[in-house]
Protein chains: 2
Amino acid sequence: MTTIRDVAKRAGVSVTTASYALNDTGSIGEATRKRVLEAAEELNFHPNAFARNLKRRKTQTIGVFISRFSGSFYEEILEGIHSVILETDYELLVCPESRSTRRILLHRQVDGAIVFDRKITNDQVLKLASRRFPIVVLDRDLQNDFILPLLLDNAQGVREAFRHLYNQGLRRMAFVAGALDALDNAERMETFLSEAKRQHLHVPVCQGNFTEVSGYEAAHLLFQSAQLPQAVFCANDQMAFGFLRAMKERGLRAPDDLAIVGFDDIPLARHMQPSLSTIGASRFEWGATAVRQLIDFLDNETPFQPLRLSTRFLARQSSTLNAELPPALGATHDSALSS
Amino acid sequence: MTTIRDVAKRAGVSVTTASYALNDTGSIGEATRKRVLEAAEELNFHPNAFARNLKRRKTQTIGVFISRFSGSFYEEILEGIHSVILETDYELLVCPESRSTRRILLHRQVDGAIVFDRKITNDQVLKLASRRFPIVVLDRDLQNDFILPLLLDNAQGVREAFRHLYNQGLRRMAFVAGALDALDNAERMETFLSEAKRQHLHVPVCQGNFTEVSGYEAAHLLFQSAQLPQAVFCANDQMAFGFLRAMKERGLRAPDDLAIVGFDDIPLARHMQPSLSTIGASRFEWGATAVRQLIDFLDNETPFQPLRLSTRFLARQSSTLNAELPPALGATHDSALSS
DNA sequence: ACATTGAAGTGAAACGGTTCACTTCATTCC
DNA sequence: GGAATGAAGTGAACCGTTTCACTTCAATGT
């Protein structure tokens, strides 16, 4: 392992000079600089990141904390983050939930963090965030000078979805809720119910927890009620998927027997049979925005700009009555595979 | 930022003692140890990872180098890796292709690497790998004491697929090839063609590059030939997907007009209409095996054990003639969403 | 009674960079 | 001609740990 001392020796200069030359700092003559760079090249020198970070107290790295890799939900967010990182001189460290999370966060192995992992508590985030360690949170409404929440505009998409159902003459609606502690769930439910209320509709709520199975179970519960609803809004796509499975088993068809709407626009949604109406946002843009703001804060102390990511309702087969929608595949395969 | 010195001072011991106590090394009295740990707790002390790594010359971190996040191809591999990491005292650093790759690899910010990114050259891998820096490669056939290739057993699955087609009486077959420089493509093609040869079949080859579009284009090329083949094997699912799109546009149906088989078993494959016959491997197991061997090498110097990951053919609608296959969704949704 | 042992604890030198404060020396200015 | 300036380069402290080599001292063996 060659060190900067080796380089300095070979170039016939002091370690200081070598460091300045390699980092393009200090004032070093052109000839000397060249000699140092050549020596470094010849010795295949690469500065030890630990020594450097230890001294600089900066890592030039952004940490992203997610709960897991699968689900293709994070995928696009990560892609967005990655695409921005590529244009900066920062590096990216992705950390799935585990002990590591604590370690990396606490040991300051990154200069800033993007958090999308409910296992990390609000308290932890609050305690960690500081001018020297800004944090962007994607999954909670937590905010101060050093914490930027970047959330979905749940209300917008849900309102559109409600209108879509309502305008088709559907009146008996039900809501399948996700995890109780999730902000997104609360907002989606709150919006849906209040829209319904404005139309003097009462909407029963089935409690789920965002998993496919809980959607399946919610469906069974609803099937037992005296009168089937005409439309069901599920707080996310996974539950909608489970709900549709239960319907299929019962011989019920969407949208004719029951119109279904989900939330998230997971990749599968457009490929299902019937394709699933849902509410989507650009997760790519989400990730990109997060890291852009974070780096802007780190480099220029630009104050955080909270904002809500716009969502939009996507009418597909599962909720669109008597429409001549093209079959899912033919209509959408292109963008589906473009990723 | 509190340091070990603060802890030592508070506990009324030397820095050395504090370090030994915190790391459970050296020989330290029970009472003293307790006092140190308490002091650390009270001061909310967390050792600086850079200083530690600098001194220890070990990072206790495994680096995974992939070319990108999307495609849901890496997803399961990462999950597999992650699941093993969770049970060890190693951490995980996932690095999408970029300058970072070079930096992290060269600067030894990780103790070992798992490489799945063709942008990293064989030369680089060879130069980097050493007893102190073992590397597992998932995308190339490169091997020495410190480099472990973990590849798919392409032949096995492809052979099964060929038989499946052949046993249904199909004789006119074509092959859509992927990127020329890819080992996987070479092996799949080689196997398919030699199986065909044994049956005295001649199989024309259309060159593609693993992308959906290249599959689409390959289809158009084939459509111009005098006689349509009865079965087409695509070297991966993406191309098969493009091929099916072209067929649809032409009013051709799989499997009746043309039986289609892909390779990879991407999540979409089972959800398409028709569902896509393909060849799959447990990518989860793939990742898990890789990291297990790597850590075993690092911790115990266990020599690398090259092996091929078994693959299996999955008969689905796109290639199964006159069969009563259940509809894709009903049959498979459970495992599809279980992730 | 004295050497031996081993547990408990310590001082200081690393690890490999960065950077502050400083020197040297040629050039410019008045 | 002497002070002022500034470019080029250097020595050494420092970042926060770990760990080698060492001391101290009570307990043990003979």
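All chains are named by letter (A, B, ...) in the order of the sequence lines, taking the proteins before the strands, and each is independently numbered beginning at 1. Quick note: numbers below take in every heavy atom, side chains included, and nothing from hydrogens, waters or symmetry partners.
Look at CZ on B/R52: it is 19 Å from P on D/dC15, rounded to the nearest Å. One can place NZ of B/K58 at 17 Å from C1' of C/dC15, the figure rounded to the nearest angstrom. Summarising the geometry, the separation between NZ on B/K55 and C1' on D/dC20 is reported as 9 Å, rounded to the nearest angstrom. A straight line from CG of A/N53 to P of C/dC15 spans 19 Å, rounded to a whole angstrom. Atom pair B/I4:CD1 and D/dC15:C1' shows a separation of 14 Å (rounding to whole Å applied). What separates CZ of B/F50 from C1' of C/dT18 is a distance of 15 Å, to the nearest Å.
Residues of residues 18-27 of chain B having a heavy atom closer than 4.0 Å to DNA chain C, listed by number: B/Y20, B/S27.
Out of C/dG16, D/dG9, C/dG9, the shortest distance to the side chain of B/I28 is found at C/dG9. Among the nucleotides C/dT10, C/dG16, C/dT19, the one closest to any side-chain atom of A/N48 is C/dG16. When distances are taken from the side chain of B/T32 to each of C/dT10, C/dT18, C/dG9, the shortest belongs to C/dG9.
Separation of the A/Y74 and A/W286 ring centroids does not fall under the 6.0 Å cut-off.
For C/dG11, the OP1/OP2 oxygens have no side-chain nitrogen or oxygen of B/T16 closer than 4.0 Å. Proximity of B/R57 to the phosphate of C/dC15: no side-chain N or O atom is located under 4.0 Å from OP1 or OP2.
Under 3.5 Å, the side chains of A/R52 and A/N23 contain a donor-acceptor pair of N or O atoms.
Screening A/T59, A/V291, A/D299, A/T61 for a side-chain contact (heavy atoms from CB on, under 4.5 Å) involving A/Y90 leaves a single residue, A/D299.
At a threshold of 4.0 angstrom between heavy atoms, the contacts of A/T3 are confined to the sugar-phosphate backbone, with no base atom among them. Among the protein residues, A/V13 comes within range of the sugar-phosphate backbone only, with heavy atoms under 4.0 Å from sugar or phosphate atoms but none that close to a base.
For the atom pair CD (A/E87) and CZ (A/R292), the distance works out to 8.0 Å, reported to the nearest 0.5 Å.
For A/E41, the salt bridge (Lys or Arg N to Asp or Glu O under 4.0 Å) criterion is met by no residue, not counting sequence neighbours.
A donor N or O paired with an acceptor N or O is not found under 3.5 Å between the base of C/dG11 and the side-chain atoms of B/S14.
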